[in-house]
J.: 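What follows is a single structure, and I will ask about it in a moment.
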Amino acid sequence: MSWMLRSLSARFSRNRTQPQQKNQSQDASFDTKKFVQCKVLLLDGAHLNIVVPRNAIGSELHEEVFYSLDLEERDYFGLQFTDQFNVQHWLDPCKKVAKQVAIGPPFTLRFRVKFFTSEPSSNLKEELTRYQFFLQIKQDISSGRLQCPHPLGIELAALALQSELGDYNPEQHTALFISEFRFHPEQDEKMEIEILEKYKACRGQTPAQAELNYLNKARWIEMYGVDMHIVEGKDGNTYRLGLTPQGMLVFDGPQKIGLFLWEKLQKLDFKNKKITLVVEEDADQSNNGQIQLHTFVFHLTSEKAAKHFWKCAIEQHAFFRLKSRPVQPNRKMQFFRLGSTFKYRGRTEYETIHKEGARLSRRQSCSFERRPSQRYGPRQSHVTNAQMRDAKRQEMRQQILEQQRANEQQQQQQRSHAQSDPLPPLPPVSNLPIPSSPNLKKPLINNNNPFIGDPSIPSSSSSSSPSHVTKITVGTIGGAPETSPSSSYIPRPVVSGSSSFSHPPPLPAHQSSSKIPRMSSTTDPRKYSQPPQPAVRMQNHFDDSRKFSQNGCAIPSRIVPPMQHQRRIVTDF
């Protein structure tokens, strides 16, 4: 008896001297012998610290989490934990928490979506439920658990940005800003620029609309809602079994090689590490119209993994295939039993959607706060590219300014040159034939054409040879004719009623020496049978005909001065 008292006194004294050291890592507000602490990691990155009794079952912890999140559609979600063999399990609501979770206290669990509905827009009634689905799918895609094609990943990332940031703001939302988020395992610089372009097109969507559009696009991913498990076949090859609402998929690497529908699955059993599937084959001509059963055997890494796969398959089949929960009769505890007594005890999807008791009775809508997602360091390549783009833009602006300055200086020089030299040089005359007569020396002067001279200047060659140039005087309409001794006057013909012109009256005596030959009538022959030849006087420095061949042009054989306003040329040959 004395030794018992000494041991009790030593224990009490030890507890008095070290009360703070014992409770450094534990909360002093509860008794660790009666309560345990559970840490629940949520989908938005936050966590809940929940204290439950040590003998509490899983349903009590579920209720605490659902009450904290204010969730009404609870049957789609569950709490997941990892054992010492690195195998993930769903918390059983009918068993004690301390008996299931081996690592702890504090016990660490993750709040996740357990059953992925095939119609999120119609089956999920509340916005909060859709928000939790949105967070789960976004987390699975970013971690690589759900393989998403590259083009669809860009659209989903843009909708995720619209849900979190709102409408696009060009001053704030740049490629450098987008690089702080993580949406896809293959996210790179080019993908972030494409995400930014898609994000611009999502303008006007509310967070709820963006999340609903996200779910409607994500449900078409091939591996959406597939719970994948790695198994080994009889041949020693590694396969993957995926649990879906329709059945069980079989993958050989990335290729899908089979689908076992739930209605065709006759038996699903496990023993140690072995999983046995008995599948019914439809009757057709190949099997003589008889139903055949095929047995498939797979092996898993451990017995815990085999039992976990069996439980997940039972829950998937019951939730999506059954219309109501099977009613289990109350049985007395059996001291000797064979196999597992696990049963799915939750509501099915049909009950959640269609039954009267499944409708939301407490509220029609709820308000909640969306937490911002985790940020990472910006991509430095965007900073470098932005600096390079700014430098190129500045260089282009500088070149444009220099070009404008050069153009202005050139225009100023042209203006100053025009003021100092008001008569610019004449343009070169083209298509002019080379003169045939070498005796022509003086040019004909005219205001409009430099090669046509004044008809009042007598020709130097008229005395030696008869001139073949017909000199005419233009009569101005309505004006008196101007007479000169060196030129002949041709009066304006009078048009009579007949088709022929009348002859003019005889010329005055001082004009009798005209060089223009006259005819007695229109039918008389000309005095000179030789046709008139062109006679053009050129400048002295153009005497050499070879100088006109530089521009490839020739002087015309006959040049007629352009008519002035209200003048008419009348000839009488």
J.: For the pair Ser163 (side chain) and Leu159 (backbone), establish whether a donor and an acceptor sit closer than 3.5 Å, ignoring hydrogens and angles.
T.: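 Flag not set: sc Ser163 to bb Leu159 has no pair under 3.5 Å.
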J.: Short question: side chain of His229, backbone of Leu243 - any donor-acceptor pair under 3.5 Å?
T.: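 No.
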J.: Is a side-chain donor or acceptor of Trp310 paired with a backbone partner of Leu268 at a separation under 3.5 angstrom?
T.: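 The answer is yes, because a donor-acceptor pair under 3.5 Å joins these two groups.
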J.: So, Gln205 versus Asn213: side-chain donor-acceptor pair below 3.5 Å or not?
T.: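 Gln205 vs Asn213: donor-acceptor pair found between side chains.
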J.: Please tell me if the side chains of Val36 and Val51 come closer than 4.5 Å, counting only heavy atoms from C-beta onward.
T.: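 No, every pair of side-chain atoms sits at 4.5 Å or beyond.
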J.: Are Lys138 and Glu211 within salt-bridge range, i.e. N to O under 4.0 Å?
T.: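 Salt bridge absent between Lys138 and Glu211.
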J.: Would the distance check show the side chain of Arg219 and the main-chain N or O of Ser118 forming a donor-acceptor pair, the cut-off being under 3.5 Å?
T.: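 Indeed, once roles are kept as given, a pair shorter than 3.5 Å links the two residues.
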J.: Does any donor atom in the side chain of Thr117 or Glu349 lie under 3.5 Å from an acceptor atom in the other side chain?
T.: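 Yes, side-chain donor-acceptor contact under 3.5 Å.
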J.: Ion pair present between Arg130 and Glu127, side-chain N to carboxylate O less than 4.0 angstrom?
T.: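 Not counted as a salt bridge, because no side-chain N and carboxylate O are separated by less than 4.0 Å.
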J.: Are any side-chain N or O atoms of Gln136 and backbone N or O atoms of Val113, one a donor and one an acceptor, separated by less than 3.5 Å?
T.: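 Yes; judged by distance alone, with no hydrogens or angles, the pair exists.
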J.: Under the criterion ring pair (Phe, Tyr, Trp, His ring centres under 6.0 Å), which of Phe66, Phe320, Phe319 is the partner of Tyr76?
T.: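 Filter result, single survivor: Phe319.
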J.: Just by modelled atom types, is the Glu303 backbone N or O under 3.5 Å from a matching donor or acceptor in the Asn272 side chain?
T.: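 Answer holds: no.
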J.: Between Gln255 and Asp252, is there a donor-acceptor pair closer than 3.5 Å when you use the side chain of the first and the backbone of the second?
T.: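 Judged by distance alone, no pair lies under 3.5 Å.
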J.: As a test of understanding, state which of His89, Gln88, Arg110 forms a side chain to side chain donor-acceptor pair (under 3.5 Å) with Thr82.
T.: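 The side chain to side chain donor-acceptor pair (under 3.5 Å) with Thr82 is passed solely by Arg110 among His89, Gln88, Arg110.
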J.: Does Phe260 form a ring-ring contact (aromatic ring centres under 6.0 Å, His included) with Phe296? I'd like the steps, not just the answer.
T.: CA-CA 11 Å; Phe260 302 146; Phe296 299 91; 4.9 Å; yes
J.: Using modelled atom types and a 3.5 Å cut-off, is there a donor and acceptor pairing between side-chain atoms of Gln162 and backbone atoms of Cys202?
T.: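 Side chain of Gln162 to backbone of Cys202, a donor-acceptor pair under 3.5 Å: yes, one is there.
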J.: Check the pair Phe251 / Met228 against side-chain contact (heavy atoms from CB on, under 4.5 Å), numbers first and verdict last.
T.: CA-CA 10 Å; Phe251 291 88; Met228 198 67 65; 4.0 Å; yes
J.: Sorted by first residue and then second, give each ring pair (Phe, Tyr, Trp, His ring centres under 6.0 Å) pair with at least one member in residues 136-172; sequence neighbours left out.
T.: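 Checked against ring pair (Phe, Tyr, Trp, His ring centres under 6.0 Å) - neighbours excluded - the pairs reaching residues 136-172 are Tyr168-Tyr199.
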